[in-house]
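First the structure, in the form of structure tokens, and then the observations on it.
Heavy atoms only: backbone and side chains are in, while hydrogens, waters and symmetry mates are out. Naming convention: chains lettered A, B, ... in sequence-line order (proteins, then strands); numbering from 1 in each chain.
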Amino acid sequence: MSRSDVLSLYRRVLRIARSWTAQSALPHDTDTERKYIAQEARTLFRQNQQITDPESIKRCTEECEARIEIGLHYRNPYPRPTYLPPMGLATQKGRKLRAQQRLRKQAKPVYLHSHDET
Amino acid sequence: MASRALACCVRSVARAPARLNHGSVLSRSACAPLAPKQRPLSVLSCSQRPRWTQLVRISGPSVHQCRHYGDLPPLTLENIEERVMYVLKLYDKISPEKLQSSSHFMKDLGLDSLDQVEIIMAMEDEFGFEIPDAEAEKLMTPAEIVQFIADKKDVYE
């Protein structure tokens with residue numbers, strides 16, 4: 001994964017943003033979604049600019065490509081939410097907190113890694 | 001048949017009495033008979049003769065033949081340079097005072113490679129043609145961009 005590959009990926013996302021049409025074909029939605037794609041790409045790429053660990057870089061590029069493919073397939077640029085894994089919520093007592101967190105982190109798909117879990 | 005329609009329109013336009021002086025209507029009415037003759041527009045303008053006579057005023061026999069083909073003004077080196085500088089000044093991470101034709105994006109203006117990608121995308125939008133990745137990475141100063149676009153668009157030096 002070299003610098004030029006990452007830049008090509010960035011350019012690819014921006015080109016997709018330029019020619020995007022929303023599923024509903026309303027001009028307002030198209031506009032909003034285009035801005036969202038460009039904005040999201042900018043913030044995420046800048047946020048992860050300083051990463052030097054090759055594995056994290058690989059995970060980030062996988063996330064980017066997965067989101068591109070999913071977005072193009074479903075015509076929906078927003079991240080696709082998933083269900084919580086079984087036994088994924090922490091108990092009242094907090095004893096099983098770490099196990100729950102581990103389960104949740106493991107079950108999180110690659111294209112949701114930058115997504116906030118709130 | 002089309003030439004007959006054309007002749008009818010020109011005669012109707014020339015015979016219109018002088019009432020009001022609408023400059024834009026004049027140019028439009030002069031151009032309309034000269035539009036592509038297959039269109040029914042010229043036939044329509046004949047039938048609208050009574051309405052036109054109140055609006056149109058022709059000064060003498062001078063009906064200007066104006067053909068505006070839908071094309072952009074021809075590109076010159078100064079024009080390209082001007083447009084490139086204009087787009088760069090609009091970019092918010094560049095301060096317009098420091099910007100010169102030979103200022104390097106990374107060394108002089110302190111931008112990084114993501115910004116350079118965004119700038120090249122803005123240039124693609126401005127000039128309306130795609131710049132391939134391999135060449136886009138090498139464009140690091142406004143002068144290089146101008147040179148590249150001039151090469152692509154065959155603008156003589």
Side-chain angles (χ1 to χ4, degrees), chain A residues 1-22 27-28 30-54 56-69 71-72 77 111 113-115, chain B residues 72 75 80 83-96 98-99 103-153:
Chain A
M1 253 297 130
S2 66
R3 172 189 284 265
S4 57
D5 290 336
V6 173
L7 292 178
S8 309
L9 207 54
Y10 187 48
R11 212 175 274 122
R12 190 172 152 203
V13 177
L14 289 182
R15 284 218 175 107
I16 291 172
R18 200 157 61 173
S19 54
W20 182 265
T21 46
H28 174 71
T30 300
D31 205 32
T32 316
E33 285 180 10
R34 276 189 196 179
K35 288 200 182 97
Y36 169 78
I37 296 171
Q39 196 57 44
E40 183 86 354
R42 251 176 238 141
T43 36
L44 285 179
F45 269 87
R46 265 185 215 287
Q47 195 181 322
N48 300 331
Q49 211 177 359
Q50 311 299 334
I51 298 181
T52 47
D53 177 30
S56 319
I57 295 180
K58 188 154 148 314
R59 200 171 65 182
C60 290
T61 44
E62 275 176 12
E63 179 190 351
C64 181
E65 284 178 8
R67 278 187 79 168
I68 291 175
E69 298 289 335
L72 285 176
Y111 52 83
H113 267 122
S114 303
H115 188 67
Chain B
L72 298 165
L75 283 179
I80 298 177
R83 283 163 78 176
V84 166
M85 285 310 194
Y86 184 64
V87 170
L88 285 176
K89 285 189 182 118
L90 285 177
Y91 191 56
D92 55 353
K93 289 198 188 151
I94 300 183
S95 54
K98 276 204 283 182
L99 181 66
S103 41
H104 197 269
F105 291 140
M106 304 215 180
K107 297 182 206 153
D108 298 333
L109 299 172
L111 303 173
D112 62 0
S113 44
L114 292 177
D115 295 323
Q116 196 255 351
V117 170
E118 285 180 29
I119 288 174
I120 301 294
M121 295 288 289
M123 294 299 157
E124 284 184 12
D125 282 334
E126 167 76 20
F127 289 98
F129 69 97
E130 273 212 7
I131 302 177
D133 289 358
E135 291 152 15
E137 282 179 346
K138 302 183 198 135
L139 301 172
M140 283 292 168
T141 71
E144 277 180 26
I145 297 178
V146 171
Q147 191 58 44
F148 179 80
I149 295 176
D151 287 340
K152 281 283 172 177
K153 292 278 183 179

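If you measure heavy-atom distances from Arg46(A) to chain B, the contacts under 4.5 Å come from both the backbone and the side chain. Asp125(B) touches chain A through backbone and side chain together, each having a heavy atom under 4.5 Å away. Only the side chain of Arg18(A) comes within contact range of chain B, judged by heavy atoms closer than 4.5 Å.
Rounded to the nearest 0.5 angstrom, Glu137(B) CD and Arg3(A) CZ are separated by 9.5 Å. Going from atom CG of Leu14(A) over to atom CG of Leu114(B) covers 9.0 Å, rounded to the nearest 0.5 Å. Of the inter-residue distances, the one linking Met121(B) atom CE with Tyr10(A) atom OH reads 9.0 Å to the nearest 0.5 angstrom.
For Phe129(B), the CZ atom sits in a packed shell: over 12 heavy atoms of surrounding residues, nucleotides or ligands are nearer than 6.0 Å.
Salt bridge annotation for Asp133(B)-Arg12(A): absent, with no cationic side-chain nitrogen under 4.0 angstrom from a carboxylate oxygen.
Of all heavy-atom pairs between Arg15(A) and Ile131(B), the closest is NH2-O, 3.2 Å.
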